[in-house]
Amino acid sequence: MKALKIKGGKKLLGEVSISGSKNASLPILISSILIKNSFQIKNIPKVRDVFTLIELLKFLGIQLKFDEKNRKVIFNKKKKLKIFAPYSIMKTMRAGILVLGPLLAKLKKAKVSLPGGCAIGARPVDLHIFALRKLGAKISIKDGYIYASAKKLSGAVIKFPKISVGATETAIFASVLASGKTRIVNAAIEPEIVDLINFLKVCGAKIKYSKQRIIEIVGVKDLNGKSYRVIPDRIEAITYAVAALITKGKLKINNVKINEVQNVLSFFKKIGATVISKNNHFIVYAKKKLKKFSFSTKPYPGLPTDIQAQLMALATSIKGKCQITENIFENRFLHVSELSRMGADIKIIKNTSIVNGGKILKGAEVMATDLRASVALILAALSAQGTSTVSRIYHLERGYEEIQSKLKKCGAIIKSCNVK
Ligand code: EPZ
């Protein structure tokens with residue numbers, strides 16, 4: 001099995017260029033189900049989840065080509081669409097559930113596999129179903145599949161009991177072509193959702209959103225696909241910032257929308273890092289020892305759950321007790337046991353981890369369990385004394401484009417290897 005071997009202890013110095021956002025690309029590519037004409041989407045990252053989604057869209061009958069060299073997906077006029085999204089494809093990428101809303105909106109019928117859980121949690125889809133029923137869909141679940149149908153979808157008030165990125169996207173997909181007005185209350189407003197809204201508006205959708213988590217949509221007859229460039233990946237940008245801090249190096253992170261990472265950059269400054277941000281890049285390093293911190297993951301604009309594992313790795317290098325509370329997913333501490341194998345001193349009490357940091361970690365053989373846990377192990381290995389081997393790196397390839405070459409360019413000693 002493919003693994004990465006990393007010799008720790010080297011400061012990372014230089015520049016990193018951030019790729020397109022995986023979590024903005026997926027819903028925007030899925031919008032193609034709603035759009036008849038040809039168009040193209042730019043700045044698409046070459047990551048496994050994008051390739052898996054492309055396989056699903058092609059299976060559904062979408063005519064597309066991924067020009068990998070130029071990071072763009074070109075959509076041609078569609079043939080007849082299938083209504084069926086199989087488990088065989090859905091099981092490897094949960095975001096596949098997002099095809100349910102568009103298939104229902106376009107074909108008024110859909111049979112989509114329940115995506116199943118993953119390492120970080122059960123990942124239910126009840127809020128997606130809640131939204132679709134509000135718009136008039138009939139939904140039943142049988143043998144692991146969601147059967148959805150609707151004579152027509154009519155605008156409604158969808159008041160989410162809980163903030164959900166995916167369910168907000170499903171509600172948007174299903175209401176942009178519905179008849180009448182939809183008001184989504186307690187919506188997620190992550191930058192990736194705003195990017196989806198901006199793309200759909202460029203294609204003619206009538207959508208307004210507010211920081212008070214209200215999204216208002218007036219259904220239109222049709223959408224007309226237009227060329228669009230996906231936002232940069234804010235989580236990737238923060239990951240490399242942590243790489244600079246954990247190795248006591250200095251990195252210039254290029255291609256970033258500063259306003260989308262401002263919340264985390266302020267956090268870095270609060271714990272003593274130096275962050276100089278300008279136009280579409282920032283420079284990050286630590287002139288002095290970083291201060292211990294406590295934080296809880298929250299929906300945007302709070303500190304995101306997708307950087308929790310990375311900040312936990314950073315906490316192992318900071319003297320004192322850091323406290324990290326995970327409020328979004330029920331099982332997102334799988335990296336703790338692996339970090340402990342490297343000598344980290346971490347205690348878990350319910351959904352809080354207490355990291356007693358400051359000791360240099362020791363290189364070890366560790367195993368990735370999910371996308372962000374895997375990158376946390378890479379970060380820890382970069383700071384550790386000696387060599388580490390991180391196995392099951394297919395998790396990493398789901399969401400980090402060319403991470404090995406990007407790290408190597410900044411001085412990391414990292415190479416591919418095979419483990420049993
Ligand atoms: C999106 O997942 C992201 N994935 C996740 O990124 C991210 O961690 C998450 O949002 C939170 O920001 C993509 O965008 C492809 P949610 P999503 O619905 O939409 C519960 C990564 O590392 N919930 O906001 O699945 C759910 O179990 C990935 O890039 C329900 O209870 O997340 C969780 O506890 C990981 N019922 C909470 O809500 C539902 O119907 C938030 O989940 C849906 C969700």
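Order of appearance sets the numbers: ligands from 1, and atoms from 1 within every ligand. Atom set for the values below is all heavy atoms of this structure, side chains included, hydrogens, waters and symmetry mates excluded. All values derive from a computational prediction rather than experimental measurement.
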Quick check on contacts: which atoms of ligand 1 are under 4.0 angstrom from a heavy atom of I328? 33 (C), 34 (O), 37 (C), 41 (C)

Looking only at heavy atoms, what is the nearest atom pair of I120 and F329, with distance? O-CB, 3.6 Å

Distance filter under 4.0 Å to L371 heavy atoms, resulting ligand 1 atoms: 22 (O), 29 (O)

Kindly give the heavy-atom pair with the smallest separation between P124 and R94, and that separation in Å. O-NH2, 4.2 Å

Taking only non-hydrogen atoms of V125 and a 4.0 Å limit, the atoms of ligand 1 in range are 39 (C), 40 (O)

Would you please indicate yes or no on a ring centroid separation below 6.0 angstrom for F51 and F66? yes

Does at least one non-hydrogen atom of R332 fall below 4.0 angstrom from an atom of ligand 1? yes

Taking distance alone, with N or O pairs closer than 3.5 Å, would you say P124 contacts ligand 1? yes

I'd like to check which ligand 1 atoms, numbered from 1 as shown, lie under 4.0 Å from a non-hydrogen atom of R123. 2 (O), 17 (P), 25 (O)

Pairs of nitrogen or oxygen atoms closer than 3.5 Å, one from E330 and one from ligand 1: do any exist? no

Just jot down the ligand 1 atoms closer than 4.0 angstrom to any heavy atom of K22, in number order. 21 (C), 29 (O)

Measuring from non-hydrogen atoms of K162 to any atom of ligand 1, is the shortest distance under 4.0 Å? yes

H128 heavy atoms within 4.0 Å reach ligand 1 at atoms 40 (O)

Heavy-atom pairs closer than 4.0 Å: do any link ligand 1 to the side chain of A167, the backbone, both, or neither? neither

Consider side chain to side chain donor-acceptor pair (under 3.5 Å). Of K22, R48, R372, which one does Y400 pass it with? R372

Element-labelled atoms of ligand 1 that are located less than 4.0 Å from some non-hydrogen atom of G166: 18 (O), 19 (O)

Please confirm whether R94 comes under 4.0 Å of ligand 1, counting heavy atoms of the residue only. yes

Is there a side-chain contact between I253 and I18 (heavy atoms, below 4.5 Å)? yes

Ligand 1 to T305, heavy atom cutoff 4.0 Å, flagged ligand atoms 8 (O), 11 (C)

Under the ring-ring contact (aromatic ring centres under 6.0 Å, His included) rule, what pairs show up with a residue in residues 134-153, not counting sequence neighbours? F84-Y145

Can you name the nearest heavy-atom pair linking A313 to A376, along with the distance? CB-O, 3.6 Å

Selected option - heavy-atom contact closest to atom 8 (O) of ligand 1, from D306, V375, N23: D306

Option of least heavy-atom distance to atom 26 (C) of ligand 1 (set: F130, F329, F160): F329

Considering residues at least two apart in sequence or located in another chain, which fulfil the side-chain hydrogen bond (donor to acceptor under 3.5 Å, both in side chains) criterion with E326? T297, T305, Q308

E190 versus ligand 1: do any nitrogen or oxygen atoms come within less than 3.5 Å of each other? no

